[in-house]
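Down below is the structure, laid out as structure tokens.
The shown structure was predicted, so the numbers you read here are calculated from the model rather than taken from an experiment. Note on naming: letters A, B, ... go to the chains in the order of the sequence lines (proteins, then strands), and numbering restarts at 1 for each one.
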Amino acid sequence: MNHYVPMPQSFYEQPTLQLAQALLGCLLVKETEEGVASGYIVETEAYMGPADRAAHSFGNRRTKRTEIMFGKAGSVYTYTMHTHILVNVVSSDVGSPEAILIRAVEPFEGTSLMENRRPGRSRKEWTNGPGKLTKALGIQMNDYGHHFTASPLTICEGWEQDSFHISSGPRIGIENTGEARDYPWRYWVEGNSYLSKMRSPTT
DNA sequence: GTCTAGATGGCCT
DNA sequence: GGCCATCTAGACA
């Protein structure tokens with residue numbers, strides 16, 4: 001897997017909203033005993049810490065779960081949602097609990113592995129949602145606390161930043177968070193066919 | 001210790 | 001469009 005070039009630590013130290021866009025087109029790579037699976041990030045959502053009602057770290061809530069959000073930029077924050085695992089990239093300075101949720105990727109390497117992990121689904125449905133992509137790539141709760149610059153879970157150079165167009169809009173699945181639901185902190189690669197689908201199309 | 005809600009997905013109608 | 005699986009962190013007693 002030497003052809004993968006992990007993004008340097010400095011990459012993660014840019015402002016969160018900027019990083020959320022910079023992550024688009026990057027390659028998310030997961031190594032397991034079964035092999036390597038990877039996909040290009042095509043959709044992200046920023047969670048802005050203390051001031052963001054939708055963030056787990058709203059009001060500077062510091063618990064066992066959110067602890068990693070206070071840590072170093074580029075750390076892995078995994079979270080269990082019902083029966084699914086979601087994966088986030090911790091951003092901002094130590095002590096500033098911000099993170100970016102990876103909502104969708106486009107399959108690249110290890111497609112047969114993904115197919116096995118997502119039996120009976122069409123290629124598009126392997127990774128077009130935050131819970132789906134973790135399953136397809138084999139991301140688990142024990143990835144919590146690792147860092148994206150080191151295996152087994154890394155973010156590497158992917159597409160050229162000027163080879164696609166970025167769109168932004170409100171986040172998804174946070175209807176009960178007051179004014180926070182309207183913040184346009186979701187970013188995606190315009191026109192990509194592996195984007196997650198809207199949960200509640202209500203304006 | 002007990003109760004509840006949730007950054008979802010899949011299956012049913 | 002609606003319902004439910006399944007489970008953990010967080011709040012409260």
Geometric class of the A/Tyr12/A/Phe148 ring pair [parallel <30°, tilted 30-60°, perpendicular >60°]: parallel
Atom-pair distance (CD on A/Glu45; P on B/dT8), nearest Å: 8 Å
Which protein N or O atoms sit under 3.5 Å from an N or O of nucleotides 11-13 of chain C?
none

Nearest-Å distance for atom pair OH/P, residues A/Tyr47 and B/dG6: 13 Å
d(CG, A/Leu133; P, B/dG9) in whole Å: 8 Å
Test log, rule side-chain hydrogen bond (donor to acceptor under 3.5 Å, both in side chains), inputs A/Arg65 and A/Ser57: CA-CA 9 Å; A/Arg65 181 175 67 169; A/Ser57 53; over 6 Å; no
Length of the CD-C1' vector between A/Glu175 and B/dA5, whole Å: 15 Å
A/His84 aromatic ring stacked with six-membered ring of B/dT8, 5.5 Å and 30°: no
Ring center gap for A/Tyr79 and A/His56 short of 6.0 angstrom: yes
Sugar-phosphate, base or nothing in reach of A/Arg118, heavy atoms under 4.0 Å: sugar-phosphate
Any side-chain donor near an acceptor of the partner, A/Thr32 and A/Arg117, under 3.5 Å: yes
Partner set under salt bridge (Lys or Arg N to Asp or Glu O under 4.0 Å) for A/Glu67, not counting sequence neighbours: A/Arg62
A/Ile85 CD1 - B/dG9 P separation (whole Å): 12 Å
Interatomic distance where CE belongs to A/Met81 and P belongs to C/dC4 [whole Å]: 16 Å
Partner nucleotide, any strand, of C/dA5 [Watson-Crick/G-U, under 3.5 Å]: B/dT8
For atom CD of A/Glu125 and atom P of B/dG10, their distance in whole Å: 7 Å
First of A/Gly131 and A/His82 reached from the 5' end of DNA chain B, by closest nucleotide: A/His82
A/Glu160, CD atom: more than 12 neighbouring heavy atoms under 6.0 Å: no
Distance, rounded to the nearest Å, where A/Ile68 contributes CD1 and B/dA7 contributes C1': 18 Å
Donor/acceptor link under 3.5 angstrom from A/His56 side chain onto base of B/dA7: yes
DNA chain C: 5'-proximal contact among A/Thr83 and A/Tyr79 (nearest heavy atom): A/Thr83
